[in-house]
Amino acid sequence: MGGQTPERIPLCLGMLAHVDAGKTTLCEQLLVRGGLLRRGGRVDHGDAFMDGHALERARGITIFCEQATFDLPRGDGKAVRVTLMDTPGHVDFSGEMERALSVLDMAVLVVSCAEGVQSHTVTLMRLLRDKRIPTIIFLNKTDREGADVSRVMAQMQRLLSGDCVLMIQDAELLREELAARDELLMERHLEETAQRADYLAGARRAMRAGMLYPVLSGSALMDVGVDALMQAIAALAEADDPSRLDAPFSAKVYRVTHRDGMRYCYVKALSGRLRARETVATRAGVEKVNAIYQAQGARLTVLPELCAGETAAVTGLSCRPGEHIGADVGCETQALVPLMSVDVQPEQGLERTRLLAHLRELEEEDPLLFVRAEQGRLSVGIMGAVQTEVLGSVLESRFGDHVSFQPPKVMYRETIAAPAVGIGHYEPLRHYAEAWLRLVPGAPGSGVTFEDRTPPNQLELNWRRLIAQHVGEREHPGVLTGSPLTDVRVELIAGRAVRFELSFASDMLSRVTGELIRLGAELDAPDCDGDEVRLSGSCTAALFWDYPQQFAATTRGHGRISVRFDRYAPCKNQDTVVQEIGYSALADERNPAGSVFCSHGAGFYVPWDEVRSHAHCEVEEPC
């Protein structure tokens with residue numbers, strides 16, 4: 001990199017698609033034009049530059065989000081420094097994709113012109129809209145039999161956005177489309193004084209506002225339309241604010257990998273500059289950056305510095321994906337969450353403690369694994385069956401671990417139905433602490449939040465902040481099953497529910513509806529559009545888990561299904577679930593329910609239900 005200049009615009013560009021839309025092949029073509037490759041590889045040939053992992057080449061899908069950087073010139077004398085990120089298209093690896101989305105400046109959504117809009121395409125577009133990421137759509141595989149640009153355009157405008165605009169229209173009509181989406185441009189357009197730069201600026205503003213999704217078409221495999229896409233990326237890239245370079249350094253961690261005994265944190269600089277051997281503030285304290293690298297696929301090269309808007313892999317930090325470091329320390333959570341978990345069984349003499357250590361390392365790379373070790377069991381969160389197979393392969397190839405997996409189970413959450421007070425007291429020699437926490441049912445979807453209501457002058461501010469930090473830094477188990485606590489105002493234990501959207505031929509409506517009703521699904525009114533019907537609703541995750549395969553069989557593979565997390569809802573078989581899990585809050589040594597008090601110089605344990613009679617604080621209204 002060597003530092004950013006006013007003539008060089010940094011651009012984090014993500015490539016997204018439903019699996020098999022030709023995304024990785026398109027990435028290869030962009031890398032050829034960027035000067036990184038002499039010729040593009042192919043997923044089916046196992047020689048794609050961005051899919052260098054043995055598992056990816058064996059399965060023919062993108063599993064890990066790799067990146068590469070190249071310069072792209074444009075007509076105004078500036079160059080765009082593109083960091084291209086090839087994200088997984090398979091739904092089981094959506095967590096990897098979403099972490100990349102968090103640092104994108106622009107995205108290219110690849111849609112197959114042969115298959116049209118598919119289920120995961122709708123999910124991707126929803127995420128892009130929610131995160132307000134400027135997006136170009138590339139209609140790929142126009143050379144395939146059955147490809148119909150007009151048909152797929154109408155489908156995209158109906159299912160993705162009415163602001164999808166085909167860029168090969170008549171030039172005058174295209175200027176009308178742009179002016180209609182930007183008030184600043186409209187005035188100059190009507191006065192006939194608008195220049196090309198004005199239309200480009202208006203297009204950038206409209207894309208940033210989610211009011212324009214330019215659509216280009218072609219075939220990555222046949223090298224058709226790729227040049228036009230490159231030109232559109234360069235022209236629509238937005239120049240960065242140069243003042244960010246002079247601000248204090250801040251960055252976001254979006255990926256963690258382990259390689260050859262080294263731990264690499266991939267970060268995007270949000271402001272300022274960073275050089276090797278400098279220190280940076282993190283959630284763990286102040287840490288030193290040992291080295292900074294530019295990633296070109298699996299190859300890493302040393303960089304002298306990291307500047308605002310750019311990405312790099314750094315060593316020396318203990319951060320995890322989602323953390324902010326530098327001037328603005330904090331952490332973000334992911335929108336996508338796993339619905340199910342599987343128990344992992346060690347095989348062939350593998351020690352449980354060794355397996356747990358390896359799973360914790362993988363959890364650093366993918367926080368959505370949600371590794372849990374309790375009651376002699378190890379479990380991980382999963383997005384689907386393919387992810388389970390890949391996890392087993394990674395454990396074997398990286399660590400030599402042989403494991404088996406039990407059938408998937410719902411990842412439950414617990415909550416409270418009424419306010420309750422908890423008291424924590426710790427008083428060994430030379431130490432003293434007592435805290436009263438009142439738990440109140442929260443709003444659905446609000447998670448675990450903290451509010452300081454300590455009376456004035458009763459507790460110093462630094463201790464209040466420390467308590468708030470500890471409340472938010474980890475999950476807290478409930479007392480029924482040990483499942484993580486959430487504040488949804490429901491009964492004692494909650495099961496995870498999903499929301500689904502189905503599209504299929506209208507003559508199958510009664511059959512699909514019957515299948516869903518038998519699952520206990522709550523259905524919205526169907527939306528008919530000619531010979532196609534769209535049906536949405538919600539259903540308990542445990543009952544809906546296997547339905548996508550049944551739906552594919554019912555519609556003979558022609559239907560589309562989209563599933564996402566919806567909410568936590570009361571568990572319909574709470575007693576059965578509690579009995580099957582067999583959790584005992586009183587036997588949980590990691591989360592003891594009692595307190596430690598001191599008498600005559602010695603500490604003694606007090607059970608949870610007797611703490612209030614020993615407590616020292618005076619609280620007028622504990623409940």
Side-chain angles (χ1 to χ4, degrees), residues 9-18 21 23 26-27 30 62 65-67 69 72 80-89 91 93-111 117 120-139 156-157 159-165 167 178 181-182 200-216 229-230 232-241 244 251-255 266-271 308-311 321-322 324 332-336 562 564:
I9 300 171
L11 178 73
C12 287
L13 177 69
M15 305 292 288
L16 297 90
H18 185 99
K23 166 183 57 62
L26 180 59
C27 285
L30 298 183
T62 301
C65 180
E66 296 294 351
Q67 64 186 62
T69 301
L72 183 62
V80 180
R81 170 141 285 179
V82 179
T83 298
L84 183 66
M85 298 185 181
D86 183 15
T87 70
V91 67
F93 308 103
S94 297
E96 184 89 352
M97 173 273 301
E98 190 192 358
R99 287 187 288 275
L101 254 63
S102 68
V103 295
L104 295 186
D105 301 309
M106 182 187 292
V108 174
L109 179 62
V110 184
V111 178
V117 176
H120 196 45
T121 315
V122 178
T123 300
L124 293 172
M125 190 64 171
R126 183 183 299 115
L127 286 170
L128 291 167
R129 284 202 310 266
D130 291 346
K131 295 179 180 296
R132 305 195 61 118
I133 298 174
T135 301
I136 298 173
I137 299 176
F138 186 75
L139 275 181
M156 289 194 303
Q157 289 175 337
L159 299 177
L160 302 183
S161 172
D163 291 306
C164 295
V165 178
M167 291 288 103
L178 294 176
R181 287 167 168 79
D182 186 81
L200 285 174
R204 295 186 195 111
R205 289 191 294 268
M207 289 176 67
R208 198 187 323 128
M211 298 173 62
L212 173 66
Y213 296 96
V215 180
L216 296 96
L229 175 62
M230 294 283 278
I233 293 170
L236 294 171
E238 194 138 21
D240 198 15
D241 180 0
R244 288 205 303 167
K252 181 175 182 179
V253 182
Y254 61 92
R255 190 185 182 203
Y266 286 69
V267 304
K268 179 183 179 181
L270 304 177
S271 63
E310 299 175 339
T311 66
H324 286 255
E332 298 177 6
T333 58
Q334 291 191 229
L336 297 175
S562 175
R564 69 180 190 275

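Side chains are part of it too, since the values below use all heavy atoms of this structure and drop only hydrogens, waters and symmetry mates. In what follows, residues are counted from 1 in the order of the sequence shown.
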Name all residues meeting the side-chain contact (heavy atoms from CB on, under 4.5 Å) criterion together with Arg126; count only those two or more places apart in sequence or in a different chain, and write none if there are none.
Val122, Thr123, Arg129, Asp130, Glu501, Ser562, Arg564
Across all chains, not counting sequence neighbours, the salt bridge (charged side-chain N to carboxylate O under 4.0 Å, His left out) partners of Arg132 are none
The side-chain hydrogen bond (donor to acceptor under 3.5 Å, both in side chains) partners of Glu238 (sequence neighbours excluded) come to Arg208
Quick one: does any side-chain atom of Glu96 pair with a main-chain N or O of Cys65 as donor and acceptor, under 3.5 Å?
yes
On a heavy-atom basis, the closest approach of Val215 and Cys164 is CG2-CB, 4.0 Å
I'd like to know if the side chain of Thr87 and the backbone of Met15 have a donor-acceptor N/O pair within less than 3.5 Å.
yes
Under the side-chain hydrogen bond (donor to acceptor under 3.5 Å, both in side chains) rule, collect the residues that match up with Tyr213, sequence neighbours excluded.
none
For Gly210, does its backbone N or O pair with a side-chain atom of Arg181 as donor and acceptor, under 3.5 Å?
no
Looking only at non-hydrogen atoms, find the nearest pair between Pro214 and Thr135 and report the distance.
CD-O, 3.4 Å
By side-chain contact (heavy atoms from CB on, under 4.5 Å), which residues pair with Pro134, not counting sequence neighbours?
Met207
For the student: nearest non-hydrogen atoms of Ser102 and Lys252, plus distance
CB-NZ, 2.9 Å
Non-neighbouring partners of Ala21 that pass side-chain contact (heavy atoms from CB on, under 4.5 Å), sequence neighbours left out:
Ala17, Val110, Ser112
My understanding is that only residues two or more places apart in sequence, or in another chain, count here; which of them pass side-chain hydrogen bond (donor to acceptor under 3.5 Å, both in side chains) with His120?
none
Partners of Arg244 by salt bridge (charged side-chain N to carboxylate O under 4.0 Å, His left out), sequence neighbours excluded?
Asp240
Across all chains, not counting sequence neighbours, the side-chain hydrogen bond (donor to acceptor under 3.5 Å, both in side chains) partners of Lys268 are Asp105
Out of curiosity, Leu124 CG to Leu16 CG, how far, rounded to the nearest 0.5 Å?
5.5 Å
Here the gap from His324 atom NE2 to Leu270 atom CG, rounded to the nearest 0.5 Å, amounts to 6.5 Å
